[in-house]
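Structure first, then comments.
Here is how names work: the chains are called A, B, and so on, in the same order as the sequence lines, proteins then strands, and each is numbered from 1. This structure is a prediction, so every number in the text was calculated from the model and none was measured.
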Amino acid sequence: MKVVVDMNKCQDHGQCVFAAPDVFSMDDSGHLAYVSDPDDALRDEVEEAADVCPLQAIRLEG
Amino acid sequence: MNARIVVAGASMAGLRAAEQLRAAGWTGAITLVGDEPHMPYNRPPLSKEVLAGKAPFESLAFRPRASVADAEWRLGTRVVAARLAENIVEFDDGEALSYDGLVVATGMRPRRLRCPGPLAGRHTVRTIDDAQGLRQALTRPGARVVVVGGGFIGCEVAATAVALGAREVTVVDPLPLPMVGPLGELLARALLKRHEERGVRFALGTGVTGFTGDDHVTGVALGDGTVLPADVVVESVGSVANTEWLDGNGLDLSDGVLADEHLRVGGRPDVVAVGDVARFPNARYDGVPRRVEHWCIPTDTAKHAAKTLVAALTGTGHDLSPFAPLPTFWSDQHDFRLQSFGAPVLGKEDVRVLEGDLDGDVVVGYHAGGRLAGVVALGGQAAAAPASRYRAELLKQPALTA
C-alpha cells in the first residue's frame, strides 16, 4: 500500500492525524508529515484518514 | 433474490453510507438516488475556492472506494415518496422500487427569504451550479454585494467577494454579531473586527424587508429603513431539511428526520438516517436530538448507521455503543481559520481565553458546569496546533448531562 498526499491541496487541518496517528503526524510548526509506505494492516486507518480529509488530498495506491 | 439497500440522496452522506455498508459486510445491491446530475462532490470549497475560480469541478469530486464500484447510481432523479410499511420508495419518473434497507441521506436545501421584490440577482450557495452562477455575478467589475446572513457561509462568501475585488460587500444579520450563535459573544466580536479591518461592512441587528428593482435586484431594504445598493445578493439564512418525501409515515419530521441513538428512524430496524438531515442524540452530551451541519457528520453518521443497518438486515446481532461523535468544524475566512472541537455552544456562559490573545492567534475555551465543553481557535497555523491538543482533553471528558 502506498499513500500519496497532494501537498498542494493539503491545508494542515490534521483530521488525518486523528484517524491514522501511526501514519500521519504534525511537525512542530503544524505542518503535515506522513509515512508513504505503511504496513498493509493499517489500510482501514488510512482509508478513514482519506475520507476525513476536508481537502480530499489523500490517495491510496495499491 | 438479491437483497437491496436504497440510499436516498447521492451527495457526500450517501456515498459514505454506501462505502460503509460494504465495510460493514453488506454484499447485496446498493442503489443511490440523487437529484443533482453530478456524482458526489466536496462542498466546503463552494464558498471559497470555487467562488474564487481556483477549483474546477474535477478537483471537488470524491473518489469512491473500489468497494462501491458495482453500486447503481440514479442521478438527476428525485425520491418523491416512501411507503415504509411496504418497503417501497417512489421516484419522480413514476417508478417504484422495493428495498430491504433504506438510508435517508437527502440532506438540506437553502432557506430562501420571503420578501417582495425581483428574484434575479439573488443567489444561494449549496450546489456546484449555485456557486458557479454566483461566481459569474461576483466577477463583474464593481459589483456591490449584500450577503444576507452572518453565519459560516455568509462570512466565507463575504471574505471571498472582497478578495475578488467587489466594490462594496455588506453582511446583514438580525443578530448583533456575526456567527454569534456557534461562537458566543467574545469570539464573535473578535471576528467582526477582523472582517471590518479587511473591508467587509456590516448591518447588524436588522433584517431584510424587501428588494428594490424591476427585473433585477438593485438594492436591499432593511428593517431600519435604509436601502443598501446591490447588484448581487447572497442569501445564507439557514437551510430546510429535504424530508417531504417521507410524509405520511408517521415520522417526526419537525426538524430533519428524528433518529435514535443508533440512527434508526421511526423505531424501524430497516431504515437509518445519515448526514445533516438526521436529528440524533449525542451520547457525549445531553441526549437532546439535534441536527448537525458540520462537514464531518456525513462520515461519522455513515459509519455508525451502516453498522446498525447491516447488523439488522443480516441478523448478526447488535452490540454497538450509542452514537457519540466529537463535533468539529472549521471555517476559512480571509487569511485566518476558525477551528472548533467539542460543543462550544453548550458552554457559551463561561468563556475563557486559554492561549494567545483575541487580537492575534487565540484559543478560547467554553465551559459547562466548570468543565471544558468545547474549544475554538481563531488565527493562523499557530492557533490550530494547540486546538488539536485540547481535542484530546475533550475526548476524555465524561458525558455531559443536562
Side-chain angles (χ1 to χ4, degrees), chain A, chain B residues 12-13 15-20 22-24 40-45 48-49 54-55 58-68 294-300 302-303 325-326 328-332 337-341 361 377 379-389 391-392 394-395:
Chain A
M1 174 175 54
K2 193 160 179 286
V3 178
V4 181
V5 181
D6 183 341
M7 295 307 283
N8 292 322
K9 277 190 179 177
C10 175
Q11 292 180 5
D12 303 307
H13 278 267
Q15 295 290 331
C16 56
V17 180
F18 308 138
D22 297 325
V23 179
F24 300 93
S25 58
M26 287 295 184
D27 67 19
D28 292 340
S29 56
H31 292 297
L32 181 72
Y34 67 102
V35 181
S36 59
D37 54 348
D39 193 283
D40 216 52
L42 297 170
R43 180 173 290 271
D44 282 355
E45 272 186 33
V46 176
E47 281 194 332
E48 184 159 338
D51 284 353
V52 299
C53 172
L55 283 302
Q56 298 293 290
I58 301 171
R59 207 168 68 238
L60 268 81
E61 290 176 358
Chain B
M12 182 191 195
L15 170 63
R16 294 297 183 233
E19 292 173 332
Q20 292 297 334
R22 286 285 184 246
Y41 56 88
N42 202 19
R43 293 191 198 276
K48 302 176 282 283
E49 290 87 347
K54 292 179 192 161
E58 304 76 66
S59 71
L60 304 188
F62 290 115
R63 285 181 300 271
R65 289 189 186 184
S67 61
V68 292
H294 300 163
W295 185 84
C296 302
I297 280 296
T299 304
D300 289 343
K303 198 165 186 177
L326 182 77
T328 172
F329 69 77
W330 79 92
S331 180
D332 291 313
R337 174 176 295 166
L338 283 150
Q339 174 73 64
S340 168
F341 296 107
D361 294 329
Q381 207 74 34
S388 62
R389 244 187 7 250
R391 176 184 180 275
L394 288 162
L395 279 171

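- Per-residue heavy-atom pair counts under 4.5 Å with chain B were compared for Met26(A), Gln56(A), His13(A), and the maximum is reached by His13(A).
- Asn42(B) contributes no side-chain N or O that, together with a main-chain N or O of Leu55(A), makes up a donor-acceptor pair within less than 3.5 Å.
- For residues 43-52 of chain A, heavy-atom neighbours of chain B at less than 4.5 Å comprise Glu47(A), Glu48(A), Asp51(A), Val52(A), sorted by residue number.
- When the candidates Glu19(B), Lys303(B), Glu49(B) are compared by the number of heavy-atom contacts under 4.5 Å with chain A, Lys303(B) comes out ahead.
- Residue Asn8(A) holds its CG atom at 12.0 Å from OG of Ser59(B), rounded to the nearest 0.5 Å.
- Rounding to the nearest 0.5 Å gives a distance of 7.0 Å between CZ of Phe18(A) and OG1 of Thr328(B).
- Residue Tyr41(B): no heavy atom, backbone or side chain, is found under 4.5 Å from chain A.
- To the nearest 0.5 Å, the span separating CG on Asp332(B) from CD on Gln11(A) amounts to 5.5 Å.
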